[in-house]
Amino acid sequence: MSTTARSTNEYRELDAAHHLHPFSDMGSLNRQGSRVIVKGDGIYLWDSEGNKITDGMAGLWCVNIGYGRKDLAEVARQQMEDLAYYNTFFKTTHPRVVELSTLLAEVTQPGYQHVFYTNSGSESVDTVIRMVRQYWSIKGKPGKKTLISRWNGYHGSTIGGASLGGMTYMHEQGDLPIPGIAHIGQPWYLKEGRDGESEADFGLRAASWLEEKILEIGADKVAAFVGEPILGAGGVIIPPASYWPEIERICNKYDILLVADEVICGFGRTGDWFGHEHFGFRPHLFTIAKGLSSGYLPIGGVIIGDEVARTLIEGGDFNHGFTYSGHPVSAAVAHANVRALRDEGIVEQVKKDTGPYMQKRWREAFGGFEHVTDVRGVGLIQAFTWVKNKATREMFAGSDDVGTLCRDIFFKHNLIMRACGDSMVSAPPLIITRTEIDAMLSTAVE
Ligand code: PLP
């Protein structure tokens, strides 16, 4: 059946009748009707009414390689014919998962030789929760169970991921966070910085909240600190340069595992392969998903530093895994995607050309507006924040609504950006060109 076998209205009506969307107010969505997306190519999408839409969000921060890659479709087709499925649980493996794991060991920094596969970012985060506890148990310190993360961080939507995340509206659904999770403040200078405090000093103060929390809980009870190098869904919060090295120092001082959640930052988003490379720290483990397959198929994982991997390997059974861990078709597509991101110089181009160009154009486009502040970005992830008064940093009372309104206006003009709280954010496919950046920003400020 063709993707447009029914009329747009029929799709809308059936969607409203049978489909509950994630993170949506279904009542209002059904009254309004969903936009039906039918095709993608490069940085563009088309809806069922023939409108061409610029995707300034790469789907959900995931379509790093852009839409419509026929080579990835062909790899998937071929792999489905050869071996559509087999698992890696019971002393079996398959060529595609081996090739992907080998390639991941090449694109990561030295010292990250192993990967554990999942199907999503949330499952990767859940895997981290279990893995770090297993690690400390093997090390003879089973009391080290608590994971510390940040308010306003996003780590997924499973019970574990939502608990570790610091989105209170997700906790309010009931009995979250689960036991063994603690939160500290976010490293956002605009909101948490003091008058007269430098960004560098703020970065050190924000990191000191981790030390305070460790001392409050007791280092013998803390397993890991988990954080996104740049908080994505929280509004693209870019910590001061002083922050991550200090977090790393504190983790090492108290013998606590440092985990980076690279689900958004990974695979070139910041111009480096991974966000921790941009900020100059070395996590013991880090999560991956999204850009791993550029969203072409669901796949995620946890990349494990050598010392942790050795401990887990020598420690016996790790009773954790998913039916589709290392799925052959997902692994084949992820392999082709990562190879293309590397061999076509896509990540390098973000670092050297389109990332800096986007930052410059983003500042030019939005920096002059009266109610816009903290115009910021790294590589191809950027944001600005709505503010009532730039000088006093006073926020609008309903600044979430300002963002949502702006997002909806952009969408009507066939441009996708996202409102995260009181920030507008953009993270386009990494293949975007300078001309496309110019066109996207001129639509936005029109
Ligand atoms: N971790 C981070 C940093 C994310 O941004 C996300 C999703 O946006 C997740 C985890 C969860 O990933 P998924 O939606 O694939 O479960």
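A quick note: this is a predicted structure, and the numbers were derived from the prediction, not measured. Note that ligands are numbered from 1 as they come in the structure, with each ligand's atoms numbered from 1 the same way.
The closest protein non-hydrogen atom to atom 14 (O) of ligand 1 is S122 OG, 4.3 Å. When hydrogens are left out, the protein atom nearest atom 8 (O) of ligand 1 is K290 NZ, 2.9 Å; that is the closest non-hydrogen contact. Protein heavy atom at the shortest distance from atom 15 (O) of ligand 1 is G121 N, 2.9 Å. The single protein non-hydrogen atom nearest to atom 1 (N) of ligand 1 is D261 OD2, 2.7 Å, given as residue, atom name and distance.
Residue contacts with ligand 1: E123 is placed with no nitrogen or oxygen under 3.5 Å of a nitrogen or oxygen of the ligand (distance criterion only).
The closest side-chain heavy-atom distance from M57 to P428 is not below 4.5 Å.
The six-membered or imidazole ring of Y44 lies away from that of Y67, with a centre-to-centre distance of 6.0 Å or more. Proximity of the aromatic rings of H19 and H21 is defined here by a centroid distance below 6.0 angstrom, and this criterion is met. Aromatic pair Y324/Y117: centroids not less than 6.0 angstrom apart. For an aromatic pair to be called close, the ring centres must be under 6.0 Å apart, and H284 with F286 fails this. The distance between the ring centers of H94 and H327 does not fall below 6.0 angstrom.
Atoms of ligand 1 found under 4.0 Å from any heavy atom of S120 (numbered from 1 in listed order, with element): 15 (O), 16 (O). Contact atoms of ligand 1 toward G156: 9 (C), 10 (C), 11 (C) (distance under 4.0 Å to a heavy atom of the residue). In summary, the atoms of ligand 1 found under 4.0 Å from a heavy atom of Y154, numbered by their order in the structure, are 1 (N), 2 (C), 3 (C), 4 (C), 5 (O), 6 (C), 7 (C), 8 (O), 9 (C). Residue E228 approaches ligand 1 through these ligand atoms, each under 4.0 Å from one of its heavy atoms: 3 (C).
For the pair R376 and F384, the cation-pi criterion (under 6.0 Å, within 45° of the ring axis) is not fulfilled.
Ligand 1 has at least one atom lying under 4.0 Å from a heavy atom of I264.
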